[in-house]
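Since the structure comes first, as structure tokens, the remarks are kept for the end.
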Amino acid sequence: MSRRGLLFILSGPSGVGKGTVRKALFEKEGNELKYSVSMTTRNMRDGEVDGVDYFFRSREEFERLIEEGKMLEHAEYVGNYYGTPLDYVNQTLDQGYDVFLEIEVQGAMKVKEKVPNGIFIFLTPPDLGELKARIIGRGTDEMSVIEERMEVAKQEIEMMSHYDYAVVNDKIELAVERIEHIIESEHLKVSNVLAHYKEMMKEW
Ligand code: 5GP
């Protein structure tokens with residue numbers, strides 16, 4: 001039997017660059033992580049593809065999936081639902097792959113309740129002025145949405161204490177490298193290595 005994969009959760013305040021860092025991590029050669037594509041009720045942005053960037057679904061369908069217990073977590077963020085489909089995560093971990101979630105803070109805290117041995121990585125802004133510039137600079141949102149995202153971001157920064165690692169997003173490549181180091185270190189933890197050896201010894 002192959003060992004179960006590890007669950008990594010990248011989260012952090014709105015506008016910190018979680019999506020950009022996650023994409024850069026997955027574009028790197030040799031990446032063996034499996035990305036869990038989230039579901040959302042928000043409108044598709046230019047260039048986004050259903051099933052790749054998100055599963056874009058109606059509110060009705062999303063609510064039905066919540067009721068059926070099909071979401072590992074979900075959160076309402078700036079008027080839309082976002083959530084992680086449960087089956088993909090479970091099946092992929094069972095196959096021995098590491099699964100990577102990139103989600104906002106409320107959702108990450110719900111994952112923590114359900115999967116306490118997940119590895120929680122908080123992406124931090126190098127400074128708050130830059131965070132504000134990024135939220136405004138995204139350019140796809142109205143002013144009221146930008147203000148709401150700023151307010152949410154302030155509250156989210158206070159959540160850092162609940163995480164295992166803090167990664168500063170000063171430069172994308174550096175943030176990616178730090179995350180790679182975390183992944184490598186987690187695999188070298190005795191608790192994870194020992195579980196693997198115990199499995200192997202059962203087969204002796
Ligand atoms: P955006 O609308 O900019 O794509 O994403 C908005 C926020 O939703 C980002 O902070 C992103 O990390 C978060 N997000 C994306 N997928 C999920 C998910 O499955 N669950 C939760 N809770 N947040 C998500």
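Each ligand, and each atom within it, is numbered from 1 in the order the structure gives.
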**Message:** For Lys154, I'd like to know if atom NZ has over 12 heavy atoms of other residues, nucleotides or ligands within 6.0 Å.
**Reply:** no
Chain-and-number sorted residues having a heavy-atom contact under 4.0 Å with ligand 1 are Lys18, Ser38, Arg42, Arg45, Tyr54, Glu73, Ala75, Tyr77, Tyr82, Gly83, Thr84, Glu102, Ile103, Glu104, Gly107, Arg138, Arg149
Only distances under 3.5 Å count here; give the side-chain donor-acceptor pairs of residues 123-133 to other protein atoms, sequence neighbours excluded, each with its distance to 0.1 Å.
| residue | atom | partner | partner atom | Å |
| --- | --- | --- | --- | --- |
| Thr124 | OG1 | Val167 | O | 3.4 |
| Asp127 | OD1 | Gly129 | N | 3.0 |
| Asp127 | OD1 | Glu130 | N | 3.0 |
| Glu130 | OE2 | Arg134 | NH2 | 2.9 |

Query raised in the report: Would you call Asp50-Arg57 a salt bridge at under 4.0 Å N-O?
Result: yes
Hits for side chain to side chain contact (heavy atoms under 4.5 Å, CB included) against Ser58, two or more places apart or cross-chain, chain-then-number order -> Glu60, Glu61
Here the side-chain hydrogen bond (donor to acceptor under 3.5 Å, both in side chains) pairs for residues 11-23, sequence neighbours left out, are Ser11-Tyr163, Ser14-Tyr77, Arg22-Tyr35, Arg22-Glu102
**Asked** Does any donor atom in the side chain of Tyr82 or Glu76 lie under 3.5 Å from an acceptor atom in the other side chain?
**Response** no
